[in-house]
Amino acid sequence: MGVAVNSDFFKFTYEFRRHNLKQLDKNKPRVSCIASSSISKKIKRTTTITTHAAASSSPAPGAHYPEQLLDVKTKQKSKRIAGIDQDELVDPKLLADPDSCFCEFNGVHLHYKVYDAESQSHNSLQSQTASQLPPATKKIGFPMVLFHGFGASVFSWNRAMKPLAETTSSKVLAFDRPAFGLTSRVFPFQQPTPDTENKKPLNPYSMAFSVLATLYFIDILAAEKAILVGHSAGALVAVNSYFEAPERVAALILIAPAILAPRLIQKVDEANPLGRNEQTERDTSNLVNLLKPFLKVYTILSMFLKYITQAMMQVAKGMADMLHSLYKKVLSATLRSAVGVTLVRILIDKFGLATVRRAWYNSKEVAEHVIEGYTKPLRVKGWDRALVEFTAALLIDNESKMNPPLAKRLHEISCPVLIVTGDTDRIVPSWNAERLSRAIPGSTFEVIKNCGHVPQEEKVEEFVSIVARFLQRAFGYSESEGKSMQAVS
């Protein structure tokens with residue numbers, strides 16, 4: 001439309017100039033003025049029409065883009081991770097269940113749930129569940145603290161909490177570790193408090209924090225001791241809590257434990273570490289006597305070379321430790337950057353749901369409400385940054401450097417230990433759990449058939465039955481005592 005008007009204008013101008021050249025008289029200024037007025041009106045009208053036409057096709061600089069903004073918002077709303085819309089993330093307390101509880105510990109609002117068997121009424125459902133358990137386990141008396149695995153939450157204990165509480169006849173508590181579930185996401189590195197300006201604050205995503213939180217919950221339960229039950233990576237928290245305060249742990253129950261079991265090393269005779277043949281030693285003794293003068297010189301040189309080698313090894317080890325520490329710091333800084341956060345979001349989106357289904361023996365049995373329970377924390381503000389901080393804390397764990405490696409301390413565990421695994425665990429293989437049981441003296445090892453990585457979810461009754469028998473043996477209740485207690489109740 002604007003192009004046609006401009007063509008008429010140029011045509012008109014051309015005709016006007018031809019006419020103007022023929023006018024040499026006095027009317028030239030008047031005609032020029034009239035023509036100029038006409039041209040001005042024409043230009044004004046043409047400019048107005050052209051401007052409107054341009055405005056209809058492309059907006060002017062600084063103008064608003066209502067349609068484009070709408071498209072951007074639509075694209076943002078369609079951005080989902082593991083099926084969860086990331087457009088509106090909320091505070092974790094807004095996602096709480098009716099039985100959810102929160103408490104503050106070291107600046108972190110921990111989400112937990114408690115089931116108390118003694119405070120529940122003896123309804124028919126409870127009677128049916130209790131009748132499936134050995135009566136001797138009715139009065140164990142120790143509360144339980146449950147630890148979920150990586151990427152899970154208290155949701156993974158929903159089906160097992162009530163029967164476990166009835167097994168111990170006590171309270172069972174499960175809490176969300178920082179970076180998981182509905183526990184608040186905090187970033188202390190960006191917001192130090194006045195009390196922690198002169199000292200390094202405790203990293204809420206570290207193992208040390210989870211251990212201290214465990215002891216805190218044992219105090220909340222008003223118990224001197226508790227039975228610690230850890231699933232997958234939660235088994236690490238249970239074992240580390242035992243080493244921190246063994247007097248507060250009555251027993252350990254490790255389910256599909258994500259603890260790297262040590263290899264069994266064949267013992268070597270200290271008197272003969274190299275396995276030398278005694279007859280060979282006697283045969284060469286005479287030759288050694290003849291070479292004694294040369295051996296003295298050789299011994300002196302060997303000692304000198306030994307000290308030089310040790311000094312060089314110490315320097316090399318120091319450099320290696322420095323490079324390793326520098327590598328960890330660089331990797332940690334990279335993880336905490338925008339690149340690391342983006343990488344975490346991609347991994348969760350690509351493999352999150354697949355990992356949940358892979359944890360089951362039969363992935364087809366993973367119901368929709370299970371998927372919703374595992375993906376619910378992806379609606380919490382800062383969930384991606386928290387996972388980055390958790391991973392970085394695993395890389396730079398300064399507290400663990402103060403203690404010997406966990407694999408070298410397993411033989412020190414003296415409390416009753418039960419290790420349970422599924423025979424078709426595709427996340428943590430069952431052979432690792434078996435090897436771990438051999439590394440812990442006196443531990444009990446149980447395998448559940450046709451079961452994957454989550455026995456407490458897909459084989460609840462069989463899992464609880466195994467726990468009940470273990471507690472019966474561990475705490476020495478006889479069958480007659482159980483029957484008498486059942487008769488009294």
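Side chains are part of it too, since the values below use all heavy atoms of this structure and drop only hydrogens, waters and symmetry mates. It should be emphasised that the depicted structure is a prediction, and the values quoted were computed from it without experimental measurement.
Atom CZ of R435 and atom CD1 of I259 lie 14.0 Å apart (nearest 0.5 Å). Residue I81 holds its CD1 atom at 10.5 Å from CG of L347, rounded to the nearest 0.5 Å. Between atom CG of residue L406 and atom CG of residue L236 there is a gap of 6.5 Å, rounded to the nearest 0.5 Å. Rounding to the nearest 0.5 Å places NE2 of H453 at 5.5 Å from CG of D425. Rounded to the nearest 0.5 Å, atoms OG1 (T421) and CH2 (W431) are 11.5 Å apart. Atom CG of L387 is separated from atom CG of L343 by 11.5 Å, given to the nearest 0.5 angstrom.
The main-chain N or O of E224 is found under 3.5 Å from a side-chain atom of R248 such that the two form a donor-acceptor pair. Panel note: side chain E458, backbone G452; a donor-acceptor pair is recorded below 3.5 Å. Using modelled atom types, no side-chain atom of T214 and backbone atom of S241 make a donor-acceptor pair closer than 3.5 Å. Proximity of a side-chain donor or acceptor of Y115 to a complementary backbone N or O of A174 within less than 3.5 Å is not detected. Between the Q456 side chain and the R159 main chain, no donor and acceptor come within less than 3.5 Å of each other. A donor-acceptor contact shorter than 3.5 Å is absent between the side chain of E461 and the backbone of K459. Under a 3.5 Å cut-off, the side chain of S169 and the backbone N or O of E166 do not form any donor-acceptor pair. In this structure a side-chain-to-backbone donor-acceptor pair under 3.5 Å is present from D423 to C451. A side-chain donor-acceptor contact under 3.5 Å links K376 to the backbone of L95.
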Q. Does the pair K162 and D116 meet the rule for a salt bridge (charged side-chain N to carboxylate O under 4.0 Å, His left out), with working shown?
A. CA-CA 8 Å; K162 182 176 180 179; D116 188 356; over 6 Å; no
Q: List the steps, then state whether side-chain contact (heavy atoms from CB on, under 4.5 Å) holds for L89 with W383.
A: CA-CA 9 Å; L89 302 181; W383 68 265; 4.1 Å; yes
Q. What's the verdict on side-chain contact (heavy atoms from CB on, under 4.5 Å) for I466 and F470, showing C-alpha distance, side-chain angles and the deciding distance?
A. CA-CA 6 Å; I466 290 174; F470 164 74; 5.5 Å; no
**Q.** Working for side-chain contact (heavy atoms from CB on, under 4.5 Å), residues L436 and F445
**A.** CA-CA 9 Å; L436 185 66; F445 179 64; over 6 Å; no
Q | Worked verdict on T167 versus V464 for side-chain contact (heavy atoms from CB on, under 4.5 Å) | A | CA-CA 8 Å; T167 298; V464 173; 3.5 Å; yes
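Shown here is E412, whose CD atom has more than 12 heavy atoms of other residues, nucleotides or ligands within 6.0 Å.
A salt bridge does not link R379 to D87: none of the charged nitrogens lies less than 4.0 Å from a carboxylate oxygen. Note on R345 versus D384: salt bridge recorded, some NZ/NE/NH1/NH2 to OD/OE distance being below 4.0 Å.
Each of F180, F155, W157 was evaluated against H148; a single residue qualifies, F180, per the ring pair (Phe, Tyr, Trp, His ring centres under 6.0 Å) test.
Within the 4.5 Å cutoff, the side chain of F175 has heavy atoms near those of the L173 side chain. Put simply, the side chain of N450 does not reach to within 4.5 Å of the side chain of T424, judged on heavy atoms. Two residues are said to be in side-chain contact when any heavy atoms from C-beta on lie closer than 4.5 Å; V417 and I419 meet this criterion. Using a 4.5 Å heavy-atom cutoff, the side chains of L418 and E446 are in contact. Contact of the Y205 side chain with the V186 side chain is registered, since non-hydrogen atoms from C-beta on lie closer than 4.5 Å. With contacts defined as side-chain heavy-atom distances shorter than 4.5 Å, the pair L394/M207 does not qualify.
Considering all non-hydrogen atoms of both residues, G382 and R185 come closest at O-CG, 3.5 Å. In plain terms, the two heavy atoms of A238 and L252 that are nearest each other are O-CD2, 3.7 Å. A pairwise comparison of heavy atoms in G373 and S153 identifies O-OG, 4.5 Å as the closest pair. Taking both residues in full, the closest heavy atoms of A160 and V460 are given as CA-CG1, 4.3 Å, listed atom of the first, atom of the second, then distance. Here the shortest heavy-atom pairing between A179 and F390 reads CB-CB, 3.9 Å. Of all the heavy atoms in V237 and S210, the pair that sits closest is CG1-CB, 3.9 Å.
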Mind listing the side-chain donor-acceptor pairs of residues 102-113 below 3.5 Å, one per line with the distance, residues two or more places apart or on another chain?
unit_1: H111; atom_1: ND1; unit_2: D176; atom_2: OD2; d: 2.7
unit_1: H111; atom_1: NE2; unit_2: S100; atom_2: OG; d: 2.8
unit_1: K113; atom_1: NZ; unit_2: D97; atom_2: OD2; d: 2.8
unit_1: K113; atom_1: NZ; unit_2: D99; atom_2: OD1; d: 3.3

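No cation-pi contact links R177 to F147, judged by a cut-off of 6.0 Å to the six-membered ring centre and 45° from its axis.
Residues H231 and S156 bring no donor and acceptor atom of their side chains to less than 3.5 Å of each other. Side-chain contact check for S414 and Y242: at least one donor-acceptor pair (N or O, by modelled atom type) lies under 3.5 Å.
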